[in-house]
Number of protein chains: 2
Amino acid sequence: MTIYDISEKAGVSIATVSRVLNGSSNVSEKTRKKVLDVIDRYGYTPNAFARGLGLNTMKTIGIMCADSSDLFLAKAIYYIEQKLRANEYDSILSCTGYEHKNKAASMNLLLNKKVDAIIMVGSNFIYEEAERNKYIADAAAQVPVMLLNAYVDIANVYSIVSDDFMSMYEATNYLLSTGVTDPIYFYASTSYSGKKKLSGFKAAMELGNLLDSPDRMQFFSGSHEDIPAMTAQLCLLRQKGLAFHGVVAADDTLAIAAVKYAMEEGLRIPEDLSVIGYNNSMLTQCCIPELTSIDNTLEILCEHLIMTLMEVFNGKEMPKKAVFSGQLIKRSTTL
Amino acid sequence: MTIYDISEKAGVSIATVSRVLNGSSNVSEKTRKKVLDVIDRYGYTPNAFARGLGLNTMKTIGIMCADSSDLFLAKAIYYIEQKLRANEYDSILSCTGYEHKNKAASMNLLLNKKVDAIIMVGSNFIYEEAERNKYIADAAAQVPVMLLNAYVDIANVYSIVSDDFMSMYEATNYLLSTGVTDPIYFYASTSYSGKKKLSGFKAAMELGNLLDSPDRMQFFSGSHEDIPAMTAQLCLLRQKGLAFHGVVAADDTLAIAAVKYAMEEGLRIPEDLSVIGYNNSMLTQCCIPELTSIDNTLEILCEHLIMTLMEVFNGKEMPKKAVFSGQLIKRSTTL
DNA sequence: ATTAAAAATGTAAGCGCTTACATTTTTGCG
DNA sequence: CGCAAAAATGTAAGCGCTTACATTTTTAAT
């Protein structure tokens, strides 16, 4: 059933059918109804390819992320998909993995599908060395590129970020204010937002002259889901003689590992060990006591991201970067 | 840069260009190279819409799921996306939510985008009443429909399921074999696989004549992530006087709630309370002791699903239903 | 009633590709 | 070398839609 069939049955031209399909105002009420009736009776749906070919868009957005099953990224994707759909856009998903190799290739696949924009979820798409970010610039030359929780200064790329530096700074300060003087920072990512968080921690510690040992910044290099290994690393740290009564974690998963560490070592939380997580995920509810964490208002970020994108589509000039502050959710792993 | 530009610069016809692009064998090595060189130099990528219009496919699969941020569904989507990409297909994601309303509409949106198949992830797309599943039959009339962890007998729909009945039956039997005689079953979904699991539990209990009270089947009706509410429900159950020394949970999240319940009530695990979860997610690592759970070999299911789909595309006759058995992963919440 | 402007409708030319079919070139064998 | 078959290449007709432009119809002011 094509537009020709409909036009014939309705006794009008294909242009007229196309017009009622696209809600053009230049159609008399009478013919509009006539066409709609025919469509109704015979059940026509436009051919998306032909339409795409004519309009040069299929209202589809490419979403890139490292791992769609990561707790945080999955939530982000969920929100983004919702908001896109509300704006009548579909989303093509592409998971690139954490390895730094096939990002450009992934992006090209999306671009070849003629997506109208690309949304990069998470901060591990940005390289230190500017020239390696060329693939982003190349994409941005074709369609708007949106970054969630990452920033890079390239034309036609827009960033929506949470203020990770400030969040971590405040979280650390809060921990210090409860009397902890020797916390460690536990992190697993050195991406854009990873760096911001780390700086936040450092800034707070340096303020109090508390940063005595580089060991206080504990980097975990294992799998993002390997909680036992994370716990083991903390146990080892203690065995090596580093004393700490607080853990500031860059992710709730790492924080849960800290809670387990405490349980294994027989430490009371928060009396003997305070723990602060990040992302305020469901993991905060998984332990006793429940986890203090930082909520980065992800849904708001996503909402703003999509809103910005729609405005860009409308040709409106939009800020290249929007920063949203997070919120410390105090629960029971801190005093 | 279109195929015309390339053909002109290479001094051949557009048909020839198209042929080298599609790897047709009817091209001499010399001209193939010539065309490839030009493409290389000028950087041409085919227009996906025009291609789609000609071939009537864009190698895109629609994925439907209730909530892409659910731990289990997110993993499934991740695997599916991976395997699809390995087969040079892209995936369009559509999250429908758990409400039973706009599934058909969602499906039509995907169909209108001319996806080559639809994959429904999770079992809450199947209705009891056969006539409500008409929207699936309608879709299946157009493209193959794949169901992950659900089954319905409709032409052109293929099911890949884990043997939830047997898994739960064995899990329950195992629990009983450790000496627990009064477990409760804790569940939150009455979908296809939800029912299977419940039957598995019941079967094992009835075998031992242990199913004394309907209260032993505890349905949780709150949000899928509201662990505190789950915990509260168990506490309440105990206050109401129902004794239980084991919890068989239909999902790791519910199992975590049971672990928290034990901690709050001061019960030792597994001595005073045994807990078995389901899905073997990362949550099993989040508590101490670590959670005994059922692994439903999700990656294998997904692999098989995509394999089946590809065979269907190739016109091969495939079984309408493939069942994979799960595996009880014994950890420390059971004796 | 006349007529210019506005509204509705129709015509046809793309959009960039694939592919059946036609034509030309190459191959290999008598 | 001649010729038929095979291989390579070209021509052109779609695929189903949008839309600029042309044409017809309606509206409304004189």
Side-chain angles (χ1 to χ4, degrees), chain A residues 1-39 42-60 88 90 108-109 111-116 142-143 313, chain B residues 1-39 42-60 88 90 109 111-116 142-143:
Chain A
M1 188 74 26
T2 75
I3 205 172
Y4 288 92
D5 302 318
I6 299 298
S7 80
E8 191 183 324
K9 293 187 204 302
V12 298
S13 73
I14 58 162
T16 301
V17 177
S18 179
R19 285 194 191 96
V20 343
L21 251 25
N22 294 294
S24 159
S25 57
N26 291 333
V27 188
S28 76
E29 212 36 60
K30 208 172 67 182
T31 48
R32 178 191 310 284
K33 195 168 168 338
K34 191 164 57 179
V35 171
L36 255 21
D37 279 357
V38 173
I39 287 178
Y42 294 90
Y44 159 86
T45 47
N47 180 304
F49 299 143
R51 194 158 230 232
L53 190 54
L55 294 169
N56 205 32
T57 164
M58 228 167 95
K59 300 257 262 177
T60 306
E88 301 190 299
D90 279 301
N108 277 330
L109 285 178
L111 254 17
N112 289 353
K113 285 263 163 142
K114 306 225 91 187
V115 294
D116 298 314
Q142 299 183 49
V143 295
F313 282 154
Chain B
M1 186 80 20
T2 77
I3 206 173
Y4 288 91
D5 301 317
I6 299 297
S7 82
E8 191 183 324
K9 291 187 205 301
V12 299
S13 74
I14 58 161
T16 301
V17 176
S18 180
R19 285 193 191 98
V20 342
L21 250 26
N22 294 295
S24 159
S25 57
N26 291 333
V27 188
S28 77
E29 211 36 61
K30 209 172 67 181
T31 49
R32 178 191 308 286
K33 194 168 168 336
K34 192 164 57 180
V35 171
L36 254 22
D37 278 358
V38 172
I39 287 179
Y42 293 89
Y44 158 85
T45 46
N47 180 304
F49 299 144
R51 194 158 229 228
L53 188 54
L55 295 168
N56 204 34
T57 163
M58 228 167 95
K59 301 256 269 178
T60 306
E88 301 189 300
D90 279 301
L109 285 179
L111 255 18
N112 289 354
K113 285 262 162 143
K114 306 227 85 183
V115 294
D116 298 313
Q142 300 182 50
V143 294

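Lettering follows sequence order; numbering is per chain, from 1.
Closest to the A:Ile3 side chain, of the nucleotides C:dT19, D:dT18, D:dA20, is D:dT18. Distance from the side chain of B:Ser18 is smallest for C:dT19 among the nucleotides C:dT19, D:dC17, C:dT11.
Whole-Å rounding puts the A:Leu53 CG to D:dC17 P distance at 12 Å. Taking atom CE of residue A:Met1 and atom P of nucleotide D:dG16, one finds them 11 Å apart after rounding to whole Å. For the pair A:Met58 CE and D:dG16 C1', the interatomic distance rounds to 14 Å; values are reported in whole Å. Whole-Å rounding puts the B:Lys113 NZ to D:dG16 P distance at 19 Å. Regarding A:Phe49, its CZ atom lies at a distance of 14 Å from the C1' atom of C:dT18, rounded to whole Å. Summarising the geometry, the separation between CG on A:Asn47 and C1' on D:dG14 is reported as 13 Å, rounded to the nearest angstrom. Between B:Ile14 atom CD1 and D:dG10 atom P there is a gap of 11 Å when expressed in whole angstrom units.
Mapping B:Lys30 and B:Pro46 onto DNA chain C by nearest heavy atom places B:Pro46 at the nucleotide closer to the 5' end.
Note on A:Asn56: nothing from the nucleic acid sits closer than 4.0 angstrom, heavy atoms only. A:Tyr4 comes within 4.0 angstrom of a base, heavy atoms only. B:Leu55 comes within 4.0 angstrom of the backbone, heavy atoms only, and of no base.
Rounded to the nearest 0.5 Å, atoms CG (B:Asn112) and CE (A:Met58) are 10.0 Å apart. Atoms CD1 and CG, from A:Ile14 and A:Asp5 in turn, are 11.5 Å apart once rounded to the nearest 0.5 Å. The distance from atom CD1 of A:Ile6 to atom OG1 of A:Thr16, rounded to the nearest 0.5 Å, is 13.0 Å.
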Evaluate the side-chain hydrogen bond (donor to acceptor under 3.5 Å, both in side chains) criterion for residues A:Lys113 and B:Thr60: first the C-alpha distance (whole Å), next the side-chain angles of each, then the deciding distance (0.1 Å), finally the verdict.
CA-CA 9 Å; A:Lys113 285 263 163 142; B:Thr60 306; 3.0 Å; yes

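Distances shorter than 4.0 Å separate some side-chain N or O of B:Ser13 from OP1 or OP2 on D:dG10. A close approach under 4.0 Å does not occur between any side-chain nitrogen or oxygen of B:Thr16 and OP1 or OP2 of D:dT9. Under 4.0 angstrom from either OP1 or OP2 of D:dT9 there lies no side-chain N or O belonging to B:Arg19. Taking only side-chain nitrogens and oxygens, A:Tyr44 comes nearer than 4.0 Å to OP1 or OP2 of D:dC17.
Inter-residue side-chain proximity for A:Thr2 and A:Asn47 is flagged as unmet; no heavy-atom pair is nearer than 4.5 Å. Residues B:Val12 and B:Lys34 form a side-chain contact, since some pair of their non-hydrogen atoms from C-beta on lies under 4.5 Å apart.
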Filtered N/O pairs between nucleotides 5-8 of chain D and protein, under 3.5 Å:
none

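Of the candidates A:Thr57, A:Asn56, A:Asn22, A:Asn22 is the only one forming a side-chain hydrogen bond (donor to acceptor under 3.5 Å, both in side chains) with A:Arg51.
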